[in-house]
Amino acid sequence: MSSGSSLTPMPEFRPAVRESRPVRLAFEGPSGSGRTLTSLLVAAALGEQVALIDTERGMAAKYADRVPFHTQEFTRYDPRSLFAALARAAMRGYPVLIVDTYSAFWSGAGGMLDKVNGEARAGYGGNSAGWSKYRPEDRAVTEALAAYPGHVIVTLKARTDTVIETDTRGRQYARRISVRPEQRADIEYDFDAVGTLGPVATVYFGKSRIPALAGEVIEQPGEELGRTILAWADDGVPNWPQRSFIERARAPDATPDATVDSLRELWSEIVTARAAGMAALDLHDQPITLSELVSNRGKQLRAFAPAPQPDPPAPAA
């Protein structure tokens with residue numbers, strides 16, 4: 001590369017530090033495997049207030065006597081609606097958020113596959129055109145989940161297969177097993193741990209960044225599992241200022257000394273903390289990314305800044 005190229009200044013290398021930050025979990029399994037209850041029991045150990053995005057026609061409410069939580073029900077599953085729900089949950093400061101099920105926003109009515117297939121049916125260039133048009137919506141949700149200012153648990157419906165097994169008395173029986181979740185193929189890389197729920201109140205962690213869970217089969221998963229996960233999440237130097245970013249980005253006009261420079265400094269902090277894609281609400285309570293919110297506030301400040309005054313004329317000789 002020529003020395004004359006113009007490049008954005010890059011940050012210096014620095015020692016890596018183990019940081020404490022909220023966990024990202026996924027529980028996959030077929031219907032009836034206990035995805036919702038397991039998520040709620042784990043969530044109860046992660047934080048005092050739990051919000052649940054319900055795509056299962058209010059079925060989660062049957063567990064409200066075991067774990068108190070707030071809920072919002074969906075009947076259509078446009079990813080933009082999920083982004084808006086993430087923004088409102090972040091604004092209300094819920095320390096734990098459950099999306100039950102995340103699969104609905106992929107394969108349910110109005111979800112990603114529905115939108116892409118609809119584009120193909122309309123004759124606008126087939127599936128490739130549909131993915132090109134709607135993939136940004138999926139990426140926006142992925143970024144918002146990653147940057148949410150609290151713990152996140154999602155449930156995934158799993159496609160199943162039937163295997164024949166033999167019990168200790170030599171008798172054969174059929175057992176359903178999870179094959180893969182209803183989501184994009186690389187979904188597991190978005191999470192710290194993915195647990196596969198079995199038919200007899202067990203969860204197997206094949207993929208896990210949490211050492212205590214990697215390769216483990218946990219029986220009767222619940223609050224004890226949640227405490228194990230919380231201990232891992234809290235271990236390290238605190239570095240998750242996401243909640244403060246929303247407050248600071250929404251309130252510059254209420255701060256007498258707010259300037260474009262102060263927003264530029266906030267922008268730098270947001271990028272460093274990997275929070276640019278967080279879902280937030282603008283001053284009109286419309287869903288927007290945190291980076292867009294800060295950028296729009298900067299434009300507003302520049303638009304209403306007083307016009308520069310000309311220099312006074314030099315005194316006559």
Using only atom types and a distance under 3.5 Å, with no angle test, would you say the side chain of [X] pairs donor to acceptor with the backbone of [Y]?
X: T272; Y: S268; value: yes
X: R24; Y: D190; value: no
X: D235; Y: A231; value: no
X: R18; Y: G236; value: no
X: T101; Y: T155; value: no
X: R243; Y: A90; value: yes
X: Q242; Y: G150; value: no

Between [X] and [Y], what is the shortest heavy-atom contact and its length?
X: V96; Y: A43; answer: CG1-CB, 3.6 Å
X: A275; Y: A147; answer: CA-CB, 4.1 Å
X: A212; Y: T228; answer: CB-CG2, 3.9 Å
X: P30; Y: L197; answer: CD-O, 4.4 Å
X: L40; Y: A60; answer: CD1-O, 4.3 Å
X: G222; Y: L41; answer: CA-CB, 3.7 Å

Problem set entry | ring pair (Phe, Tyr, Trp, His ring centres under 6.0 Å): pairs with one or both residues in residues 38-79, sequence neighbours excluded | H70-Y94, F74-F105, Y77-F105
Side chains of [X] and [Y] in contact at under 4.5 Å (non-hydrogen atoms):
X: E48; Y: P95; answer: no
X: E269; Y: R248; answer: yes
X: I210; Y: F205; answer: no
X: R264; Y: V294; answer: no
X: F27; Y: T196; answer: no

For this session: Would you check, one step at a time, whether the test side-chain contact (heavy atoms from CB on, under 4.5 Å) holds for K62 with T36?
Result: CA-CA 10 Å; K62 64 185 178 182; T36 304; over 6 Å; no
From [X] atom [atom1] to [Y] atom [atom2], the distance as rounded to the nearest 0.5 Å:
X: L46; Y: L25; atom1: CG; atom2: CG; result: 6.5 Å
X: D114; Y: S107; atom1: CG; atom2: OG; result: 9.5 Å
X: K207; Y: L213; atom1: NZ; atom2: CG; result: 11.5 Å
X: L293; Y: I246; atom1: CG; atom2: CD1; result: 8.5 Å
X: W106; Y: L156; atom1: CH2; atom2: CG; result: 11.5 Å
X: F83; Y: E143; atom1: CZ; atom2: CD; result: 10.0 Å

Problem set entry | Side-chain donor-acceptor contact under 3.5 Å, D234 with S20 | no
Below 4.0 angstrom, N of the basic side chain to O of the carboxylate: do [X] and [Y] qualify?
X: K157; Y: E56; answer: yes
X: E137; Y: K115; answer: yes
X: D192; Y: R209; answer: yes

For this session: Evaluate whether atom CZ of R92 has more than 12 neighbouring non-hydrogen atoms of other residues, nucleotides or ligands under 6.0 angstrom away.
Result: no
For this session: Give a yes or no on this: more than 12 heavy atoms of other residues, nucleotides or ligands lie within 6.0 Å of atom CD of Q286.
Result: yes
Using the rule that Ile, Leu, Val, Met, Phe, Trp and Tyr join whenever any side-chain heavy atoms are under 4.5 Å apart, tell me whether [X] and [Y] fall into a single cluster.
X: L37; Y: M59; result: no
X: I229; Y: Y204; result: no
X: V271; Y: L290; result: yes
X: M91; Y: L266; result: yes

For this session: Decide yes or no on side-chain contact (heavy atoms from CB on, under 4.5 Å) for I153 and V42, but give the supporting numbers first.
Result: CA-CA 9 Å; I153 302 173; V42 169; 4.1 Å; yes
For this session: Kindly confirm or rule out a cation-pi arrangement of R139 over W131, judged by NZ or CZ under 6.0 Å from the six-membered ring centre and within 45° of its axis?
Result: no
Problem set entry | Candidate list V203, T38, T202, test side-chain contact (heavy atoms from CB on, under 4.5 Å), partner I218, passing option | V203
Seminar exercise, completed: Checking I98, T71, L82 against I53 for side-chain contact (heavy atoms from CB on, under 4.5 Å), the one that qualifies is L82
Exercise. Between W232 and V23, is a side-chain contact (heavy atoms from CB on, under 4.5 Å) present by the stated rule, with each step listed?
Worked result: CA-CA 9 Å; W232 176 83; V23 73; 4.0 Å; yes
For this session: I would like to know whether L281 and R250 meet side-chain contact (heavy atoms from CB on, under 4.5 Å); could you show each step before the answer?
Result: CA-CA 8 Å; L281 298 178; R250 280 175 56 90; 3.8 Å; yes
For this session: Start with the C-alpha gap between T289 and E292, add the side-chain angles, then the distance that decides, and say whether side-chain hydrogen bond (donor to acceptor under 3.5 Å, both in side chains) holds.
Result: CA-CA 5 Å; T289 66; E292 291 171 328; 3.1 Å; yes
